[in-house]
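Report on the following structure.
All ligand and atom numbering here is 1-based and tracks the order in the structure. Fair warning: this is a prediction, and the values are worked out from it, not measured in the lab. Every heavy atom of this structure was used, including side-chain atoms; hydrogens, water molecules and symmetry mates were not.
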Amino acid sequence: MQKHTIVLITQILFLKTYATKLEVVNQWNFLEFDPPNEFGAANFRPENTVFTGVEITPDRIFISIPRLRDGVPATLVTVPRNTPPGSSPKPQPYPDWSYHGAGIGLDNATTCAGLVSVYRTRLDSCGRLWVLDSGLGNSLDDFRRICNPKLVVFNLKTDQPERIIELPREAVRPATVLANLVIDESVQGSCDSAFIYMADTVSPALVVHDALRNKTWRVSHPTMYPEPSFATYHVNGETFTLPDGVVGLAHSPNLATLFYQPLATDKIYTISTKTLTKGPPGEFEDIPIAVAGTKSSQGLGLALDQNTDTLFFVPLAETSLAAWNPRTNFHDALAYDPTLLDFASELRWKEDGLWILSSRFQKFYKRTVTANEINLRVLRLPLNPHPAQMNFEYIR
Ligand SMILES: *[C@@H]1O[C@H](CO)[C@@H](O)[C@H](O)[C@H]1NC(C)=O
Ligand SMILES: *[C@@H]1O[C@H](CO)[C@@H](O)[C@H](O)[C@H]1NC(C)=O
């Protein structure tokens with residue numbers, strides 16, 4: 001792949017025309033819960049309860065809420081898919097409250113049987129949800145490892161776990177934060193034969209799990225580390241610093257490539273899935289990595305249109321949603337909206353458009369968030385009705 005530069009987005013005035021194209025699926029000032037008393041109703045801290053991940057099924061929206069600080073009642077919740085636009089449905093713990101005892105002083109065995117702290121989840125082609133549990137409590141403040149990280153695969157028909165994969169000790173470092181995952185069903189088969197690529201954001205690496213052979217290894221490279229000069233973010237008039245490594249992931253089966261980005265960088269990088277899946281790299285082995293492009297500012301969410309291989313990303317400083325096609329080098333901004341777009345922690349490409357999870361993370365993080373404004377949104381940008389003929393001219 002050639003090196004491309006994704007050019008600074010400068011068409012902001014012009015793009016204002018298109019801001020209305022973003023649909024508000026759901027929005028909340030704070031998330032509301034009714035935890036039973038034994039699950040810590042009294043300890044619920046809505047100002048610490050900020051989501052980072054979203055996955056969409058035909059009937060439900062799955063939302064991940066990591067335990068970044070104390071007071072998160074449930075780390076994985078659902079809301080129904082077809083609620084009135086802009087409504088604020090009450091999230092329901094997934095699969096039920098019994099999985100969400102972390103943080104209320106249960107013994108480790110009881111806690112680890114459930115879900116501790118989930119940043120993101122992914123659907124496979126067998127109708128199952130792969131839940132990546134980082135196992136951490138209070139990861140922003142005192143960083144407690146409550147349980148070892150694990151993948152829990154839920155059958156969405158029964159809402160029961162079908163498979164639990166404990167990640168082996170040698171794949172985990174003391175500071176490991178597994179915050180994102182991709183399921184690659186294109187190499188040696190789908191579902192239980194898939195490869196899972198996980199982002200270790202704080203001990204920067206990609207952790208690869210071969211679900212067929214039950215083997216796990218790490219692939220680390222300096223491009224997965226935060227760049228100190230890009231560790232400060234400007235979002236909607238607010239500034240915050242968080243030196244996070246590799247976290248945004250998007251996979252192209254057609255190109256056999258994984259795109260990734262640390263939070264603290266202006267680059268998007270690529271690694272071939274052949275490199276990732278061939279087994280643990282040898283000592284001192286050179287890992288082939290390429291720079292896919294340079295963005296106008298940092299961002300977290302990445303998604304890829306599986307039909308056209310168009311990559312979507314969200315430059316934070318511009319509060320924009322941008323697209324770039326590595327095959328054609330086409331690039332453009334699809335939406336600019338400082339009202340609706342804040343910190344877009346996840347993008348999901350689906351046949352009905354691009355789903356965006358956006359929060360005032362900057363305010364949750366800096367403890368300046370208030371209950372009297374909208375802080376959390378699920379957005380959708382309808383794309384061209386026929387994705388196979390995706391033609392960006394439609395936004396002009
Ligand atoms: C069990 O939990 C305690 C804190 O509650 C922690 O210090 C300890 O490391 C945990 N043990 C395991 C095996 O995870
Ligand atoms: C997978 O491998 C781990 C060790 O890495 C082992 O503890 C576990 O029992 C294995 N699981 C299965 C289903 O074989």
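- Judged purely by distance below 3.5 Å, without hydrogens or angles, the side chains of Glu162 and Asn155 pair a donor atom with an acceptor atom.
- The stretch residues 184-201 participates, sequence neighbours left out, in these salt bridge (charged side-chain N to carboxylate O under 4.0 Å, His left out) pairs: Arg128-Asp192, Arg163-Asp192, Asp200-Arg218.
- The list of disulfide bond (SG atoms under 2.5 Å apart) pairs with a residue in residues 281-326, not counting sequence neighbours, is empty.
- Counting only N and O atoms by type, the side chains of Ser139 and Tyr119 include a donor and acceptor under 3.5 Å apart.
- Each of Trp130, Trp355, Tyr94, Phe154 was scored for a ring-ring contact (aromatic ring centres under 6.0 Å, His included) with Phe62, with one residue passing: Tyr94.
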Dump all N/O pairs between ligand 2 and the protein below 3.5 Å as a table: atom names plus distance, one pair per row.
from	atom 1	to	atom 2	distance (Å)
ligand 2	2 (O)	Asn214	OD1	3.4
ligand 2	2 (O)	Asn214	ND2	2.3
ligand 2	11 (N)	Asn214	ND2	2.9
ligand 2	14 (O)	Asn214	ND2	3.4

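- For the salt bridge (charged side-chain N to carboxylate O under 4.0 Å, His left out) condition, the pairs that include at least one residue of residues 80-91, sequence neighbours left out, are Asp34-Lys90, Arg81-Asp352.
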